[in-house]
Amino acid sequence: MRLPEPALIVLIGPSGAGKSTWAAGRYRAQEIVSSDGLRGVVGSGPNDLDASIDAFALLESIVDARLGRGLTTVVDTLGLDAGRRRRWLDVASRAGLATVAVLFDTPAEECRRRNAARDRPVPARVLADQIKRHRGIRSDIEAEGWGLVVRLDQESAAPVPRIEAAGPDPDRRGSHGLRVFLQVSRFPWGAEPIAWLRDVAVAADEAGFAGLAVMDHLIQIPQVGRAWDPIPEPWVALGALAALNTGLQLGTLCTPVTFRPPGITAKAAATLSALTGGRSFLGVGAGWWAREHAVFGLSFPGPRERLDELERGIVTMKALFAPGTKAFSGDGVELPETTCYPRPGGAIPIIVGGNGNRTLQIAARHGDACNLTTSDPDRVLERLAVLRRYGDPKVTVLDTTVVGRDRDDVWARVEKHRGRIPAAAFAKRSNAGTVDEHRHRFAELAELGVSDVFVATPDLGGAEAVADLAGLTA
Ligand code: GDP
Ligand code: MG
């Protein structure tokens, strides 16, 4: 069972039902607001009932502060007070968070047994009263307006199920249904560029990635780093990786048509394909960043003209990749002959990057795949509806994401990279999550018809960081 994020999660159940245990197994300590915990802060310990008023005052103000920032908040109290539940629900709804009531329908006998085993059991009469009240409110909850009501007996309280690995796939498709590519957009290679590149590629190969894509920009883009960070010419960098004996597909994501005449890009991709025995792909786009064009003396026409260029560029590339040397004429492209040797070592998929309608039309008409720069399922669905009007190319997505070992690690990374963006907004935008959470997301994307995902992470320091991502490809 997977719960929405970010969300208000209110636990409801008598003492000993397993609320605190359930929460601790799924959420970070900071995300859980517990009345017992706060009794221990302002009172003598979790059982100090004299401290209840102060503890609850704190609890309410913590809940408000967290929800106000859009942060997931798990409220660990008995959950039996309808007035408090209504208020939390209201605050969360106004803050735009999902709302979840989790009802612990643990058998009364089990609650009593666990309570008796505690250092300081709740008096039997008190527990009996909680159990009775819990039974009484079960039907109320349905009418309160929760986004989701989850009922837990002991069976369903099991940890998040894993997607079972299906075994190795020659195509390197994971058991979630996607091929996972590593997109390399930052190059913190220090004094040893070639060693860094090699180690990253070997680690990606060992981690089961289907391929490695190098970002194509002339100046490091502000979304990724600083203008003085190294950002290599990608075809040269890919040439170095071609010398490695990996099974990785190699290419760019994406090469703007404004950078090089399309025939020259075709030449580079065909050469890479020949050098790798057919392991090259070619991501192309219309280009978007005026500054790098100006600095490198390139013209940067308006969007319509760039898209025209993109369309003609793909037509040119395909003509040059095609067998034979005959003349080509069509779609505004005239080539007196199409002599291009070495021949590619295999088909070179052309992946068209971007989300715009015209871009999707170009991808459908001339490309082999599109590359959406969103991995949000609703947005993907909406873009696919547009794409399908024009044709049926493969669908790939760029997933700029934060991956952590566990929930604590995820949020440490969010805190590191969020800059001035509020943590909740950054986490959402970057789909921050654990490897397992990403695998579930990939399975959802596969169901929508996505075939490949290009993962770009801000934590790509080097080979070790790549190895940490291995679970994504299984
Ligand atoms: P709470 O009062 O609802 O917060 O319950 P706790 O989470 O503190 O759990 C009460 C006792 O039940 C603790 O000793 C837990 O170790 C135990 N417990 C909680 N959940 C489970 C469970 O799913 N299975 C088993 N066997 N014991 C559990
Ligand atoms: Mg508890």
Side-chain angles (χ1 to χ4, degrees), residues 1-3 7-63 66 72-85 88-89 99-138 140-141 144 146 148-162 406-408 436:
M1 178 199 46
R2 295 175 41 70
L3 297 182
L8 161 72
I9 293 145
V10 172
L11 311 185
I12 303 166
S15 293
K19 303 179 296 297
S20 303
T21 306
W22 181 90
R26 284 156 185 268
Y27 293 93
R28 301 158 55 227
Q30 299 88 329
E31 292 169 321
I32 303 166
V33 189
S34 147
S35 48
D36 283 355
L38 291 171
R39 278 189 194 97
V41 173
V42 295
S44 62
N47 302 299
D48 185 356
L49 295 181
D50 296 337
S52 285
I53 289 173
D54 288 337
F56 269 93
L58 263 181
L59 182 137
E60 297 292 354
S61 98
I62 293 170
V63 168
R66 290 191 61 87
T72 286
T73 305
V74 182
V75 184
D76 181 10
T77 66
L78 295 174
L80 293 173
D81 186 321
R84 288 189 196 276
R85 285 199 306 272
W88 299 329
L89 187 57
T99 57
V100 184
V102 183
L103 279 150
F104 287 75
D105 294 339
T106 311
E109 197 43 52
E110 182 70 14
C111 294
R112 278 193 283 270
R113 199 183 57 72
R114 291 181 190 167
N115 180 51
R118 281 186 155 151
D119 288 348
R120 293 194 56 156
V122 173
R125 266 179 302 108
V126 174
L127 181 60
D129 180 56
Q130 289 173 5
I131 291 168
K132 198 169 128 228
R133 285 168 67 203
H134 178 67
R135 282 196 189 124
I137 65 160
R138 285 188 213 174
D140 301 351
I141 301 287
E144 285 177 2
W146 296 89
L148 177 67
V149 177
V150 177
R151 317 192 77 104
L152 291 182
D153 45 39
Q154 287 309 291
E155 302 301 303
S156 53
V160 180
R162 301 183 71 90
D406 52 34
R407 226 175 142 83
D408 266 323
D436 247 31

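Read the numbers this way: they start at 1 and go in the same order the structure lists the ligands and their atoms. Here the structure is a predicted model, which is why all the values come from computation and not from measurement.
- Taking the six-membered ring where the residue is Trp, Phe104 and Trp22 present perpendicular rings, their angle passing 60° and hence far from 30°.
- Among the atoms of Arg118, some N or O lies under 3.5 angstrom from an N or O of ligand 1.
- The backbone N or O of Val122 lies less than 3.5 Å from a partner atom in the side chain of Asn115, making a donor-acceptor pair.
- Test Ile141, Val100, Val102 against Trp146 for side-chain contact (heavy atoms from CB on, under 4.5 Å) and you get one pass: Ile141.
- In plain terms, the two heavy atoms of Arg28 and Arg407 that are nearest each other are CD-O, 3.3 Å.
- For a distance bound of 2.8 Å, the N, O or S atoms of Thr21 include none lying that close to the Mg ion (ligand 2).
- Asp76 and Ser20 share a side-chain donor-acceptor pair at under 3.5 Å.
- In the vicinity of Pro14, heavy-atom distances shorter than 4.0 Å reach the ligand 1 atoms 3 (O).
- Remark: ligand 1 and Ser20 share an N or O pair separated by less than 3.5 Å (distance only, no angle test).
- The proximity of Ala117 to ligand 1, defined as any non-hydrogen pair under 4.0 Å, does not occur for either the backbone or the side chain.
- Checked against a 3.5 angstrom limit, the closest N/O atoms of Thr21 and ligand 1 fall inside it.
- Of the heavy atoms in Arg114, only side-chain atoms (C-beta onward) come closer than 4.0 Å to ligand 1.
- In this view, Asp54 and Val42 satisfy the side chain to side chain contact (heavy atoms under 4.5 Å, CB included) rule, not counting sequence neighbours.
- The shortest heavy-atom distance from Ser15 to ligand 1 is under 4.0 Å.
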